[in-house]
Amino acid sequence: MRRLLLSLFGLLAAVFSMAQDIKVVDFRLLENDLTANTRGTEKMDQNGERAALIKIVTPERGFTFDGGTLGIVASEEHTGEIWLYVPRRAQKLIVKHDAFGVLRDYYYPIPISGGRTYEMLIDIGTGRYVTITSEIARSKIVIDGEDCGPAPIYNKYLNYGRHIVTATKDRYEGKEAVYITTGDDQSTRVVNIGQTDISNLFADVTVRVDNNADIYFEGQNMGTSIWKTQLREGSYTVVTRKADCDSVKTSFIVKAGQTNEFHAAPPIPYTGFLSIFTRPQNTTAMLDGKSILTAGETVTLPVGTHTVDYSSKGYVAQRKEYEIARNLTVNDTVQMAEISYLRPNAFYFGGGINVSTLGGYTATVGAVLGDNDFQITYTFGTSESDITSWSNSNTGNLESRVAYKMNSAQIRYGYQIRLMRRLGLTPQVGFAYNTLSAVVKQGNTGYGDGASQQALTVGAKLTLVPMQHVYLFAMPEIGFGLKNDENYEKIADAAGFSTTNLGVIAGIIVSF
């Protein structure tokens, strides 16, 4: 208990001691400062007149002020200052602080005029005010590790003791130890920091980073992918940044008198997750065209858009895009569609052989629309009928011996039925226009050349697809004569073929 009482007594004595040391070390008119007379910062007293402004410089906050009978107009906290507005002709000021005590009846040393700005330096008894200048103008001033800005630094309050002050600009630097003691004259002390050329301590530096990332140094963007500069020997840190990525710090040590090249760590991309399932399971999934995914596994991917190509033998290939978001999982089940070898919509052309009594080579062209098959064929007759002898009806003399070929133009309609993946059947009906071409074997008369028949055809097209777009087909068909001209019937009877045609067309077609 005794030790506690002694400690409290010591603390009270220290506070009382500090309370005796609070004082004003400088008070002056700021001739060129128009703050008290400028719209926005001026204030009026109770008589409607412009108040005077006293900018109080102090290292502490928590002061209260009493202006006596004339009072105080207003008090505002600003960076490094307290703005105290007082009426014109104010005479004195009382300053109070809970820790540093009371300064009573401080009489202003000069008259106070309305609309004018003044400066007051309050010393709380723990140090003194110092103005720092540098040999090179606008040098950066650092006091005890605190960046105080460019020189000159006015009215910087330094506590009693030793302080290290540095001044740097470009390739010039100076450092000085400043001692503040209780025996110093209380007027503002001026410290000028001398500087020397330190170019020999600098070196060329190149910093690179992958992935087109930005390089930041001391909070400023120094460039993308590469930064070339000169730095003083020592340890430095850069930060690499990029959209949708976590920034990464890289430290390096610069050595004077040599080339310094460093590779900074790139930013770490934000990531999300992708999990896919496929039917069938053996489907190949190619990610962004270069790596293969395994169905059922969850993979980690950078955020953004990713493309997956799906392929499997016998199935239609697919491409899907996925938008990966940070820390989220995208799940997808991909159902592969079997390849339709017999396409429900297609255009085709091809050819084949017409095997019949009067057959030949057949060209075909057509289209399938919703499994409705529309087809046009033309058969160039190559097979000949039996040779027929023709005599003059008046004299009975032989005039010619003739064989016949048949050309046929035909249109058909059918409906495609898929029996299996590669096998189809298309029942068909059609209309044929057949013409005979006479081949004279003896004599000069080609009797019946151009004789024609119109016929109704009924049949089917059997289609086998060995590979996509290539069809093998066979079309058995029977044609019933609807209308035969006189010569056609006479020639059919004489040449030994029927007006009812039965045959098969077989060949190959290409489908698109």
Side-chain angles (χ1 to χ4, degrees), residues 280 282-284 286 289 309-320 334-384 405-435 437 453-479 501-512:
N282 62 350
T283 298
T284 298
M286 186 72 70
D309 292 294
Y310 298 94
S311 61
S312 184
K313 186 176 181 180
Y315 293 85
V316 179
Q318 295 187 46
R319 169 172 285 190
K320 300 189 73 173
V334 180
Q335 178 67 59
M336 301 293 287
E338 291 185 337
I339 294 175
S340 178
Y341 291 96
L342 291 164
R343 303 172 66 188
N345 297 284
F347 170 78
Y348 62 87
F349 68 90
I353 299 175
N354 186 329
V355 181
S356 63
T357 303
L358 296 178
Y361 295 103
T362 299
T364 182
V365 64
V368 179
L369 302 173
D371 287 321
N372 293 281
D373 191 337
F374 302 91
Q375 183 181 31
I376 300 174
T377 62
Y378 189 86
T379 300
F380 301 88
T382 58
S383 299
E384 295 182 355
K405 299 179 181 179
M406 186 169 68
N407 299 322
S408 179
Q410 193 167 353
I411 59 174
R412 298 179 182 86
Y413 166 76
Y415 188 80
Q416 178 176 262
I417 301 172
R418 284 181 285 277
L419 302 177
M420 299 173 63
R421 290 178 63 190
R422 297 175 182 267
L423 185 65
L425 178 66
T426 306
Q428 294 177 316
V429 295
F431 174 81
Y433 185 77
N434 305 317
T435 59
S437 175
Q453 178 196 48
Q454 299 178 29
L456 173 68
T457 61
V458 178
K461 179 170 66 175
L462 185 65
T463 307
L464 175 65
V465 188
M467 59 185 295
Q468 285 196 73
H469 307 298
V470 177
Y471 293 14
L472 300 178
F473 72 93
M475 293 193 303
E477 167 175 270
I478 185 171
N501 301 312
L502 178 63
V504 176
I505 301 175
I508 186 170
I509 57 179
V510 179
S511 175
F512 297 94

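Contact annotation: the side chain of L462 never approaches that of L472 to less than 4.5 Å [non-hydrogen atoms, C-beta and beyond]. A 4.5 Å side-chain heavy-atom check between N282 and K313 finds every atom pair outside the cut-off. Annotation: side chain of M286 is not in contact with side chain of S311 (no heavy-atom distance under 4.5 Å). Two residues are said to be in side-chain contact when any heavy atoms from C-beta on lie closer than 4.5 Å; S408 and L358 fail this criterion. In this structure the side chain of T357 never reaches within 4.5 angstrom of the side chain of N501, judged on heavy atoms.
The CD atom of Q318 sits 8.5 Å away from atom CD of Q335, with the distance rounded to the nearest 0.5 Å.
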Donor-acceptor pairs under 3.5 Å, side chain of residues 359-366 to any protein atom, not counting sequence neighbours: which ones?
| from | atom 1 | to | atom 2 | distance (Å) |
| --- | --- | --- | --- | --- |
| T362 | OG1 | T379 | OG1 | 2.8 |
| T364 | OG1 | Q375 | NE2 | 2.9 |

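For the side-chain hydrogen bond (donor to acceptor under 3.5 Å, both in side chains) with Y413, the qualifying choice from T426, D373, N372 is N372, the only one to do so.
Residues T377 and R412 bring a donor and an acceptor atom of their side chains to less than 3.5 Å of each other.
Aromatic rings from Y348 and F512 are positioned such that their centres are separated by 6.0 Å or more. Residues Y378 and F380 bring their aromatic ring centres within 6.0 Å.
Contacts classified as side chain to side chain donor-acceptor pair (under 3.5 Å) and involving residues 462-475 (residues at least two apart or in different chains) are not found.
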